[in-house]
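I have placed the structure first, in the form of structure tokens, so that the comments after it can refer back to it.
Heavy atoms only: backbone and side chains are in, while hydrogens, waters and symmetry mates are out. Every number for a ligand or one of its atoms is a count from 1 in the order of the listing.
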Amino acid sequence: MRFALLGSGSRGNATLIEQGDTLIMLDCGFSCRETERRMLRLGRSPADLSAVIVTHEHGDHVRGVPALARRYDLPVWMTHGTARRLRDDDLPAVHHFDGQDVFEIGDLQVRPFTVPHDAGEPCQVTFNNGQHRLGVLTDTGRITPHIRACLDASDALLLECNHDSGMLADGPYPAALKQRVGGPLGHLSNVQAAGLARQLDTSRLQHIIAAHLSDKNNAPHLARTVLAEALDCEPDWIGIAHQDDGLDWRELA
Ligand SMILES: [Zn+2]
Ligand SMILES: [Zn+2]
């Protein structure tokens, strides 16, 4: 199993997970053309995709989904609540799931889990190939016991480090937006992400990637430092998923 990111942050998110002939895209917050361009960079085309899974209906996660699904005839998986908010009756094939379901797409087992975030029915996802598990967690306002249980003992983690609380407080956002981002239905701070990392069994961990960093309220070195401290590792070992450059393929072996 391997994974890569087309980009990560408030201006667009998309993650690829590949196992054998199965290639899944998790969220697509980029236009169809931009998605094609970014996939090419990773040696792939949307024509290679088996399915798209949508975590929630915010624009930075769904912007490109309808056009991409129609152009490449892709099945889209999402919760009932996300589908209701997306309001698109013209997708080629929609599969609904809820936060308790476990399902298979090709060679990958997909386990969604619910998260507290200000969307219709938001979820995040773990991917399992029978040997290794990749856990993805972005767009959550706080850590719940359920999130902890789902991500414990993962082999790879893609973990939201949205903001540094000090930078958010002193930054350019209007007060209401600061409250939303930092609130219990908003986004994880570096310290919250590190708090989760501290509580998890990380004995199997091969990769940890800081994701969904705010370009106004965070900086890669801050996320790296806080996570490295929590995991007692070198800061360079912490990967960063960038808004423009995403993240190159990472292999689980
Ligand atoms: Zn987001
Ligand atoms: Zn969101």
Side-chain angles (χ1 to χ4, degrees), residues 3-17 24-31 34-35 38 52-66 68 76-88 97 99 112-126 134-144 146-147 150-151 157-165 167-168 171 173-174 176-190 192-193 196 209-220 223 240-247:
F3 65 98
L5 281 91
L6 276 63
S8 181
S10 56
R11 285 182 285 118
N13 297 274
T15 301
L16 296 176
I17 303 93
I24 297 176
M25 179 176 279
L26 181 68
D27 291 332
C28 186
F30 302 103
S31 72
E34 184 64 14
T35 301
R38 290 179 184 233
V52 179
I53 302 174
V54 177
T55 60
H56 65 299
E57 73 277 11
H58 287 162
D60 56 321
H61 298 262
V62 300
R63 199 168 290 121
V65 170
L68 195 77
V76 178
W77 294 71
M78 54 189 160
T79 63
H80 291 89
T82 297
R84 205 157 43 237
R85 295 283 183 96
L86 199 60
R87 281 207 221 131
D88 191 320
F97 61 83
F113 55 95
T114 54
V115 292
H117 188 58
D118 51 4
E121 191 185 351
C123 70
Q124 293 294 316
V125 184
T126 69
L134 162 68
V136 178
L137 178 68
T138 68
D139 298 76
T140 185
R142 61 198 156 81
I143 302 298
T144 62
H146 182 54
I147 291 175
C150 291
L151 297 180
L157 282 172
L158 196 63
L159 187 53
E160 171 166 56
C161 289
N162 177 261
H163 56 276
D164 170 85
S165 300
M167 281 181 76
L168 178 65
Y173 280 10
L177 186 54
K178 286 181 185 180
Q179 254 174 25
R180 191 229 139 204
V181 169
L185 296 175
H187 292 276
L188 285 190
S189 70
N190 296 339
Q192 284 174 299
L196 172 65
I209 313 296
H212 216 302
L213 271 71
S214 164
D215 48 13
K216 300 224 166 42
N217 305 310
N218 208 354
I240 301 282
H242 296 276
Q243 179 70 81
D244 292 330
D245 299 336
L247 180 88

request  = Starting from the Zn ion (ligand 2), look over the N/O/S atoms of D139 and name the nearest one.
outcome  =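 Nearest N/O/S atom: OD2.
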key: Which atom of H56 approaches the Zn ion (ligand 2) most closely (N/O/S)   =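 The Zn ion (ligand 2) is closest to the H56 atom NE2, counting only N, O or S.
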Report yes or no: does [X] contribute a side-chain atom to a donor-acceptor pair with the main-chain N or O of [Y] at less than 3.5 Å?
X: D27; Y: T55; answer: yes
X: H187; Y: G141; answer: no
X: R85; Y: E57; answer: no
X: S8; Y: H212; answer: yes

task = Answer yes or no as to whether an N/O/S atom of D118 is found below 2.8 Å from the Zn ion (ligand 2).
result =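 No, since none of the N, O or S atoms of D118 sits under 2.8 Å from the Zn ion (ligand 2).
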request  = Please state whether the separation between the Zn ion (ligand 2) and some N/O/S atom of H61 is under 2.8 Å?
outcome  =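 So H61 does not count as coordinating the Zn ion (ligand 2).
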Check against side chain to side chain donor-acceptor pair (under 3.5 Å), E121 and H80 = CA-CA 7 Å; E121 191 185 351; H80 291 89; 5.0 Å; no
message = With carbon and hydrogen excluded and only N/O/S kept, which atom of D60 is nearest the Zn ion (ligand 1)?
response =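 Answer by atom name: OD2.
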message = I'd like the atom name of the N/O/S atom in H212 lying closest to the Zn ion (ligand 1).
response =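 This turns out to be NE2.
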inquiry  = Report whether any nitrogen, oxygen or sulfur of H187 sits less than 2.8 Å from the Zn ion (ligand 1) (N, O or S, backbone or side chain).
reply    =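 No - counting backbone and side chain alike, H187 has no N, O or S atom under 2.8 Å.
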key: Stepwise side chain to side chain donor-acceptor pair (under 3.5 Å) check, H56 with D139   = CA-CA 9 Å; H56 65 299; D139 298 76; 3.3 Å; yes
query = Which value, rounded to 10°, describes the ND1(H58)-the Zn ion (ligand 2)-NE2(H117) angle?
reply =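 So the angle at the metal works out to 90°.
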